[in-house]
Amino acid sequence: MPERAAEGFEERVEGLRRMHQLPLLLRTMPKVVIAMVNGPAVGAGLGLAMACDLRIAGRSARFGTGFAGVGYSGDFGGSWTLTRLVGTAKARELYFLGDIVDAETAHSLGLVSRVVEDDELRDQTTALARRIADGPRIAYGYMKRNLFAAETEPLAAVLEMEAVHQARTAMTEDHLEAARAFAEKRRPVFKGR
């Protein structure tokens, strides 16, 4: 990229730090984030997809790190996220060899949540998004916090966090609605309160 050739080391690092706020935001925001992958997710695109909570892939989607082929080490949190999704050995293989994997392989590795036919991708992803949007949004936010902490914190810290979050969500209107719906043998109607 000729326009970046004049940048010094510090400017490049600072630029990446700013861009890296996006995967951090995707992982830590209280909303459930769904990636709909309808083509190649390589390099930073893979990092962004992996930062999402769920990844739905069309059958023709492809996934890869891509960094070895261009002489880069990796960015957008991909090394952290990929290691947690597929394990250390497979993450190293995907980074060092730079192989592109198809959607089915990505699914078998745990890299994507679901694989659907390409012509059904938008409808299936929208239906999943609607299902989540109709769910207990406050509880989802606390679930995300618990799950994020579970990736790095010791069990005792996560247990403490779960206790606080469980007590908090027990006080929501959504929980009370779910309890009533269970007793009345109907589906709850959540309001996000």
Side-chain angles (χ1 to χ4, degrees), residues 1 4 15-16 18-137 139-141 143-148 150-151 187-190 192:
M1 290 186 256
R4 297 199 56 201
L16 285 165
R18 280 192 305 275
M19 289 189 298
H20 285 171
Q21 292 304 304
L22 182 55
L24 183 60
L25 175 64
L26 291 171
R27 295 208 30 96
T28 58
M29 68 189 295
K31 306 291 184 194
V32 177
V33 182
I34 304 169
M36 181 176 70
V37 184
N38 63 356
V42 178
L46 177 65
L48 287 173
M50 290 187 302
C52 297
D53 299 302
L54 301 170
R55 287 157 300 286
I56 312 304
R59 196 156 306 281
S60 65
R62 300 289 178 262
F63 301 84
T65 60
F67 297 110
V70 294
Y72 276 156
S73 60
D75 58 10
F76 280 79
S79 55
W80 188 89
T81 310
L82 189 64
T83 299
R84 281 156 180 77
L85 288 173
V86 304
T88 302
K90 194 55 150 176
R92 288 173 186 266
E93 178 186 331
L94 291 170
Y95 262 86
F96 297 152
L97 301 180
D99 292 340
I100 303 295
V101 298
D102 63 24
E104 288 296 336
T105 303
H107 184 257
S108 70
L109 292 172
L111 188 55
V112 299
S113 310
R114 297 179 181 177
V115 176
V116 300
E117 296 302 324
D118 290 336
D119 61 348
E120 297 174 10
L121 180 60
R122 181 170 302 280
D123 289 343
Q124 294 273 343
T125 305
T126 301
L128 183 61
R130 172 55 38 211
R131 179 177 168 188
I132 290 170
D134 289 343
R137 293 183 299 280
Y140 288 154
M143 286 176 199
K144 275 189 75 161
R145 288 182 187 180
N146 293 346
L147 293 166
F148 187 71
E151 294 174 332
R187 291 184 61 132
V189 178
F190 296 112

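These figures come from a predicted structure and were not determined experimentally.
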So do [Y] and [X] actually touch side chain to side chain, heavy atoms under 4.5 Å?
X: M29; Y: K144; result: yes
X: M50; Y: L111; result: yes
X: V116; Y: T125; result: no
X: T65; Y: F96; result: no
X: R55; Y: L85; result: yes

Legend entry - Side chain R137, main chain A133, donor-acceptor under 3.5 Å: yes

Inset, instruction - For the pair C52 and I34, evaluate side chain to side chain contact (heavy atoms under 4.5 Å, CB included) and give the outcome as yes or no after the intermediate values. - result: CA-CA 6 Å; C52 297; I34 304 169; over 6 Å; no

Legend entry - Step-by-step side chain to side chain contact (heavy atoms under 4.5 Å, CB included) determination, V37 to F63: CA-CA 9 Å; V37 184; F63 301 84; 3.8 Å; yes

Inset, instruction - Could you label the plane-to-plane angle of the F148 and W80 rings as parallel, tilted or perpendicular, counting under 30° as parallel and over 60° as perpendicular? - result: tilted

Inset, instruction - Report the C-alpha separation of L147 and D53 in whole Å, then their side-chain angles, then the decisive distance to 0.1 Å, and conclude whether the side chain to side chain contact (heavy atoms under 4.5 Å, CB included) test is met. - result: CA-CA 10 Å; L147 293 166; D53 299 302; over 6 Å; no

Legend entry - Approximate separation, where rounding is to 0.5 Å, of D123 CG and E117 CD: 13.0 Å

Legend entry - Chi angles and distances behind the side chain to side chain contact (heavy atoms under 4.5 Å, CB included) call for R114, L128: CA-CA 11 Å; R114 297 179 181 177; L128 183 61; 3.9 Å; yes

Inset, instruction - Let me see the working for D102 and T105 under side-chain hydrogen bond (donor to acceptor under 3.5 Å, both in side chains), right down to the final yes or no. - result: CA-CA 5 Å; D102 63 24; T105 303; 2.8 Å; yes

Legend entry - Exceeds 12 heavy-atom contacts within 6.0 angstrom, atom CZ of R84: yes

Legend entry - Heavy-atom pair of closest approach, residues L46 and G64: CD2-O, 3.3 Å

